[in-house]
Amino acid sequence: MLTIYSDDHHLHHGKYELIDGQLTPCFEKPSRADMVLARAQKVKLGEVAAPREFGLAPILRVHDEGFVHFLKDAWTEWQAMGRDYDMLPFTWPNRRLRQTIPDCIDGKFGYYSFDAGVPITAGTWQAVSSSVNVALTGQAELAKGARGVFSLCRPPGHHAAADYMGGYCYFNNAAIAAQAMLDQGASRVAILDVDYHHGNGTQDIFYDRADVLFTSIHGDPRFEYPFFLGYADEKGEGVGRGFNFNYPLAAGSDWSAWSLALAAACRQIAAYAPDALIVSLGVDTFKEDPISQFKLDSPDYLRMGEVIGALGLQTLFVMEGGYAVEEIGINAINVLQGFDS
Ligand code: SP5
Ligand code: ZN
């Protein structure tokens, strides 16, 4: 399988996130993508290619213009305040607060985010732009006829909605790739989100649409981040009703429980008969993941890939989460090897 990868992700390396009440070194760090790339090369998964440059147009098909420009200019504005350390947001427009865009950088950051898991550094804009290009280059290769392509995106994207970032995610790489497929003539695209966390951003972007089916298997939001979306009764709205399916699972779920949800999601995807499938590939379902509570083991990822491959669809894999850095390469690449087998 062809892998699309850019070294630009190294330019994004936040220092801290807020976890368990403490400023903690970021779990979302450059070594994650390095380990996945190293594994792809070690097992000779296939050619590794650099992304092409797509510019802002495909991003603006999904994301709000004010949001995009905030992200583009944020570091410059921050530095103009005399600050040379990482940006983090700390106030959000909660219920009964004004949904207004303040003038100052701290206010704007709160408006355009939903948590403190999105540090912005000097290189964040370049890294998140390249991550989108990695997804779009994979999409272009799929359009040329490839059966499966791996977009080794970093930073990840599935928590980012049209006008807010959060959960280590800035631009929604998978959603931008899905929209590009539709813009190039596809009628229907299915997204299967296997990351441990609910893909709230992707769900939100396509919630009122029937041309993208969104399915997600994740830790039940009653106990797990992102807490405020991802419940089983979220089925879509308007013409999108019936095109959104969530499978929230209990803490401690292993392959036996997880694979039942995968089988159900695959039945829905098959019935939808999409032109292509996008897999939001997070491997934070792993039993030793430091921030997660599922119990998948490394061989389970081979089986995951086999089940996805049995759908017989052209498939773009877009890297999302996974924080057990030692095993992230084995687990992610196992999915792709299972798919190819
Ligand atoms: C892309 C992705 O996987 N984003 C995940 C963002 C999760 N952020 C909140 C993490 C909360 C972890 N709480 C458990 C701490 C264990 N001591
Ligand atoms: Zn995750």
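For clarity, every value in this text was computed on a predicted model and none was experimentally measured. Each ligand, and each atom within it, is numbered from 1 in the order the structure gives.
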Peer 1: Quick check: does I291 get an N/O under 3.5 Å from an N/O on ligand 1?
Peer 2: no

Peer 1: Check whether any N, O or S atom of D284 sits under 2.8 Å from the Zn ion (ligand 2).
Peer 2: yes

Peer 1: Looking at E141 and K144, is any side-chain nitrogen of the basic one under 4.0 Å from a carboxylate oxygen of the acidic one?
Peer 2: yes

Peer 1: Provide the number and element of each atom of ligand 1 under 4.0 Å from a heavy atom of Y323.
Peer 2: 1 (C), 2 (C), 3 (O), 4 (N), 5 (C)

Peer 1: Is any side-chain heavy atom of S280 less than 4.5 Å from a side-chain heavy atom of H158?
Peer 2: yes

Peer 1: Which atoms of ligand 1 are found less than 4.0 Å from any heavy atom of D284?
Peer 2: 3 (O)

Peer 1: At the 4.0 Å heavy-atom cut-off, does E28 count as touching ligand 1?
Peer 2: no

Peer 1: With heavy-atom distances below 4.0 Å as the criterion, list the atoms of ligand 1 near H158.
Peer 2: 1 (C)

Peer 1: Does atom CZ of R147 have more than 12 heavy-atom neighbours, drawn from other residues, nucleotides or ligands, at distances under 6.0 Å?
Peer 2: yes

Peer 1: Is a side-chain donor-acceptor pair under 3.5 Å present for D7 with Y5?
Peer 2: yes

Peer 1: Should one rank Y168, F227, Y196 by closest heavy-atom distance to atom 6 (C) of ligand 1, which comes out on top?
Peer 2: Y168

Peer 1: Within a distance under 4.0 Å of any heavy atom of D20, pick out the atoms of ligand 1 and give their elements.
Peer 2: 15 (C), 16 (C), 17 (N)

Peer 1: Tell me which N, O or S atom of D195 sits nearest to the Zn ion (ligand 2).
Peer 2: OD1

Peer 1: Any chance you could measure E53, atom CD, to T137, atom OG1, to the nearest 0.5 Å?
Peer 2: 9.0 Å

Peer 1: What orientation do F286 and Y301 show, parallel under 30°, tilted 30 to 60°, or perpendicular over 60°?
Peer 2: tilted

Peer 1: Give, for atom CD1 of I105 and atom CH2 of W75, the distance between the pair rounded to the nearest 0.5 Å.
Peer 2: 10.5 Å

Peer 1: Tell me: protein heavy atom nearest atom 4 (N) of ligand 1, and distance?
Peer 2: G167 O, 3.0 Å

Peer 1: Do any N/O atoms on H197 end up under 3.5 angstrom from N/O atoms on ligand 1?
Peer 2: yes

Peer 1: At under 4.0 Å between heavy atoms, is it the side chain or the backbone of D115 that contacts ligand 1, or both, or neither?
Peer 2: neither

Peer 1: Using the benzene-type ring in the case of Trp, are the ring centres of Y168 and Y323 under 6.0 Å apart?
Peer 2: yes

Peer 1: For F67 and F171, take the angle between the two ring planes, folded into 0 to 90°, and tell me which bin it lands in: parallel under 30, tilted 30 to 60, perpendicular over 60.
Peer 2: perpendicular

Peer 1: Which of the atoms of ligand 1 are close to G321, meaning less than 4.0 Å from one of its heavy atoms?
Peer 2: 3 (O)

Peer 1: For atom 11 (C) of ligand 1, what's the nearest protein heavy atom and its distance?
Peer 2: I19 CD1, 4.1 Å

Peer 1: Which atom, counting only N, O or S, brings H197 closest to the Zn ion (ligand 2)?
Peer 2: ND1

Peer 1: Are any of the side-chain heavy atoms of L281 and L336 separated by less than 4.5 Å?
Peer 2: yes

